[in-house]
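Notes follow once the structure below has been shown.
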Amino acid sequence: MEKIMPNRLDRGFYQYQEEFEKKAIEVLRSGWYIMGKELEAFEREFATYIGSKYCVGLASGLDALWIAFRALKISKGDEVIVQGNTYIASVMGITLNGATPVFVEPDEYFNIDADKIEEKITSKTKAILVVHLYGQASNMSKIRALCDKYDLKLVEDCAQSHGASFDGKTTGTFGDIGCFSFYPSKNLGAFGDGGAIVTDNEEIAEFIRIFRNYGSEKRYHNKIVGANSRLDEIQAGLLRVRLGHLNEMTDEKNKLSLRYLEELSNDKIVLPKIRKGATHIWHQFVIRCPYRDELMKYLDEQGIGTIIHYPIPPHLSEAYSYLGMNKGDLPITEEYADTVLSIPLYNGMKKEEQDYVISRINAF
Ligand SMILES: *Cc1c(COP(=O)(O)O)cnc(C)c1O
């Protein structure tokens with residue numbers, strides 16, 4: 001058998017090859033490549049899918065995050081609460097605006113521990129950034145209540161949670177702004193970079209629509225200093241094709257993940273848990289193992305590739321050495337960084353591939 005990779009983007013392409021190729025050619029032949037009808041249609045369709053009033057397409061998930069905090073006027077001197085165990089882009093969204101991240105430890109579901117947020121709120125706290133990590137919705141009833149109690153803005157990093165919900169409400173709709181990435185490996189992935197924000201607030205949507213295009217509403221009439229952060233027509237068109245199949249793609253990943261949960265059995269590993277009231281779209285299937293590095297090496301020798309999401313938590317990365325944090329400051333976050341492992345999971349995964357991964361992990 002050929003080596004089993006942690007992810008196979010080619011399989012996701014071939015599942016709907018004809019539709020993707022037809023759309024790509026249609027856009028190429030249209031002669032219109034930026035800010036056109038594909039983007040408009042995608043924004044409408046994605047807003048409907050999420051259940052938000054507005055969607056604004058952007059160039060990446062990181063742009064969605066930093067522009068979201070910009071729109072909320074969060075800047076130097078302000079604090080934003082975020083979980084310690086996230087992809088570093090979440091934190092960059094905060095610090096690119098000059099604001100300070102305040103880290104909170106995760107719960108057993110890998111999301112922010114809602115019971116540890118209140119003790120971190122100060123007079124400088126302006127917002128909470130919730131990351132629905134690995135595809136599972138966070139404890140949104142508690143977090144929403146805290147934001148109401150302390151009058152905080154709520155931003156959701158939904159880069160890994162397209163369509164996941166808590167108590168029947170879709171992630172991205174709980175707060176002021178939901179931020180999405182369409183990086184190719186995400187559950188709703190483009191064929192290049194892409195991102196978007198969703199919001200119910202017309203003023204915020206309008207600000208971001210202007211900001212992403214050099215701050216101009218009308219060509220050459222610049223109201224504010226903005227950015228160039230636009231979602232290309234070709235990516236928007238291809239995302240529309242994929243969005244049309246997203247529910248069946250999520251179902252497929254859900255079935256594969258449920259099979260892992262049922263059939264993986266090894267007392268050296270801890271399986272992921274599903275929170276009551278939350279749905280999980282399985283961006284990643286993340287196990288924990290105290291012998292993680294040995295397990296990773298063993299699986300690699302057996303022809304199975306795995307990835308660590310993420311080996312260095314943001315507070316210990318070189319980029320954030322200026323925050324002055326040290327090893328031991330966030331023990332749970334750091335333990336996760338030392339023990340998590342994402343095993344192969346992708347659309348188009350074959351039964352014999354999964355059989356083999358299960359048998360090798362169980363034999364470790
Ligand atoms: C991928 C990701 C981002 C960044 O998205 P890009 O489109 O790669 O900029 C932000 N936050 C999380 C949690 C992510 O997984």
Side-chain angles (χ1 to χ4, degrees), residues 6-7 9 12 42 46 55-70 80-97 101 103-104 106 109-112 127-138 140 143 154-164 171-172 174-175 177-198 208 212 227-232 235-236 238-239 242 253 272 280-286 307-315 317 319-320 333 336-337 340 342 345-346:
N7 200 352
L9 299 181
F42 173 72
F46 192 62
C55 166
V56 182
L58 298 167
S60 73
L62 174 61
D63 279 10
L65 287 156
W66 81 261
I67 295 171
F69 288 109
R70 178 66 57 98
V80 178
I81 287 175
V82 62
Q83 70 198 65
N85 63 323
T86 183
Y87 181 52
I88 200 159
S90 314
V91 183
M92 289 183 178
I94 299 167
T95 61
L96 282 170
N97 289 293
F103 296 107
V104 170
Y109 307 96
F110 300 115
N111 284 326
I112 194 166
I128 299 177
L129 172 60
V130 170
V131 187
H132 306 292
L133 200 71
Y134 306 145
Q136 175 161 224
S138 307
M140 294 315 292
I143 296 166
L154 176 57
V155 178
E156 294 173 77
D157 182 341
C158 305
Q160 305 189 358
S161 74
H162 314 79
T171 55
F174 286 89
I177 305 179
C179 301
F180 289 84
S181 164
F182 308 123
Y183 182 76
S185 68
K186 309 291 186 186
N187 282 46
L188 178 61
F191 294 83
D193 277 309
I197 62 96
V198 299
I208 295 178
R212 72 170 168 192
N228 172 356
S229 182
R230 300 173 298 218
L231 182 64
D232 299 344
Q235 298 304 340
L238 295 170
L239 282 166
R242 193 155 261 168
K253 282 188 115 176
H280 201 320
I281 60 153
W282 302 104
H283 173 58
Q284 301 293 345
F285 192 96
V286 178
I307 317 191
I308 301 168
H309 294 103
Y310 301 90
I312 303 173
H315 74 287
S317 78
Y320 288 117
T333 296
Y336 284 178
V340 292
S342 306
L345 178 69
Y346 43 86

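Whatever order the structure lists them in is the order used to number ligands and atoms, beginning at 1. Values below: all heavy atoms of this structure, side chains included; hydrogens, waters and symmetry mates excluded.
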Can you establish whether the number of heavy atoms outside Y183 located under 6.0 Å from its atom OH is more than 12? no
Quick one about S90 and D157 (side-chain donor to acceptor, distance below 3.5 Å, no hydrogens or angles considered), yes or no? yes
For a quick check under 3.5 Å, do H309 and S342 share a side-chain donor-acceptor pair by atom type? yes
I'd like to know if the side chain of E156 reaches the main chain of H132, judged simply by a donor and an acceptor atom lying under 3.5 Å from each other, with no hydrogens or angles considered. no
With a 6.0 Å cut-off on the ring centroids, do F182 and F42 count as close? yes
With P272 via side-chain contact (heavy atoms from CB on, under 4.5 Å) - residues at least two apart: L261, W282, F285, I287
For ligand 1, find each of its N or O atoms that sits under 3.5 Å from a protein N or O atom, and tabulate the pairs with distances to one decimal place.
from     : atom 1 : to   : atom 2 : distance (Å)
ligand 1 : 5 (O)  : S181 : OG     : 3.2
ligand 1 : 7 (O)  : G61  : N      : 2.8
ligand 1 : 7 (O)  : S181 : OG     : 2.6
ligand 1 : 9 (O)  : G61  : N      : 3.3
ligand 1 : 9 (O)  : L62  : N      : 2.9
ligand 1 : 11 (N) : D157 : OD1    : 3.4
ligand 1 : 11 (N) : D157 : OD2    : 2.8
ligand 1 : 15 (O) : Q160 : NE2    : 2.7
ligand 1 : 15 (O) : K186 : NZ     : 2.6

